[in-house]
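Not measured: the values here are computed from a predicted model.
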Amino acid sequence: MDTGYTLPRPQFCLDQTKTDTPPPKSLSAAESRELDTRLQKRQVKEFMAVFGNLVDNCFNACVDDFTSKALSGRESGCISRCVTKSMTTQTRLGERFAELNAAMSADLQKR
């Protein structure tokens with residue numbers, strides 16, 4: 001069923017410990033690969049948790065008419081706004097976290 005709208009693509013990173021940062025030189029190649037694999041699995045798990053919460057929250061807030069298989073126009077608009085608002089919030093939280101992390105790192109380097 002085509003509803004005529006698409007959800008915006010996520011533009012946020014759930015795990016601010018990016019995997020493009022080189023691992024410590026004390027790790028072997030195998031340990032480095034294992035670390036990357038674990039970080040990727042963790043990011044997927046975190047994304048799935050956020051996505052699941054997003055679906056639960058928007059469904060509970062917006063869908064209340066179960067007399068039809070299709071979403072009503074009001075429900076569809078509500079879900080679209082809910083998802084957009086949630087993703088904007090997640091993006092801002094990620095940005096703010098990065099700002100605070102950079103400030104803390106700068107503060108630690110001064111000491």
Side-chain angles (χ1 to χ4, degrees):
M1 180 176 91
D2 184 16
T3 59
Y5 68 92
T6 58
L7 297 177
R9 294 188 71 197
Q11 296 181 353
F12 56 90
C13 179
L14 299 174
D15 186 355
Q16 296 298 323
T17 57
K18 303 219 183 264
T19 58
D20 58 355
T21 304
K25 295 187 190 277
S26 62
L27 295 179
S28 69
E31 291 170 330
S32 178
R33 283 191 302 273
E34 175 67 22
L35 178 62
D36 284 344
T37 301
R38 287 180 185 222
L39 287 174
Q40 288 172 357
K41 286 180 181 179
R42 179 175 159 201
Q43 284 181 318
V44 168
K45 186 176 180 180
E46 289 175 359
F47 175 79
M48 293 305 293
V50 169
F51 182 75
N53 287 335
L54 171 77
V55 169
D56 285 345
N57 291 337
C58 291
F59 180 86
N60 290 333
C62 297
V63 178
D64 54 11
D65 180 11
F66 298 100
T67 60
S68 171
K69 290 192 289 186
L71 293 173
S72 69
R74 182 194 61 75
E75 290 171 332
S76 182
C78 178
I79 288 174
S80 182
R81 286 186 302 276
C82 180
V83 169
T84 300
K85 182 184 263 187
S86 295
M87 293 184 69
T88 302
T89 301
Q90 285 293 327
T91 301
R92 181 59 188 133
L93 285 171
E95 290 168 354
R96 188 66 180 133
F97 178 79
E99 292 167 4
L100 292 172
N101 193 28
M104 286 175 30
S105 294
D107 189 41
L108 287 174
Q109 287 178 353
K110 289 179 184 177
R111 293 180 185 182

What residues form a side chain to side chain contact (heavy atoms under 4.5 Å, CB included) with [X], not counting sequence neighbours?
| X | result |
| --- | --- |
| T89 | K85, L93 |
| V55 | F51 |
| T37 | K41 |
| E34 | R38 |

Has the side chain of N57 got a donor or acceptor atom that lies under 3.5 Å from a matching backbone atom of N53? yes
Suppose we screen for side-chain hydrogen bond (donor to acceptor under 3.5 Å, both in side chains). Which residues come up paired with [X], at least two apart in sequence or across chains?
| X | value |
| --- | --- |
| R81 | none |
| N60 | none |
| E99 | R92, R96 |
| T67 | D65 |

Return each pair, listed once, that meets disulfide (SG to SG under 2.5 Å) where at least one residue sits in residues 81-111; pairs must be two or more places apart or across chains. C58-C82
To the nearest 0.5 Å, what is the distance between CD1 (I79) and CG (L71)? 4.5 Å
Partners meeting salt bridge (Lys or Arg N to Asp or Glu O under 4.0 Å) with D107 (sequence neighbours left out): R111
Hydrophobic clusters here meaning ILVMFWY residues chained together by side-chain heavy-atom distances under 4.5 Å, can you tell me if F97 and L100 are in one? no
Mind listing the closest non-hydrogen atom pair of E75 and D64 along with its distance? OE2-N, 3.1 Å
Identify the two heavy atoms, one from V83 and one from L54, that lie closest to each other, and give their separation to 0.1 Å. CA-CD1, 4.1 Å
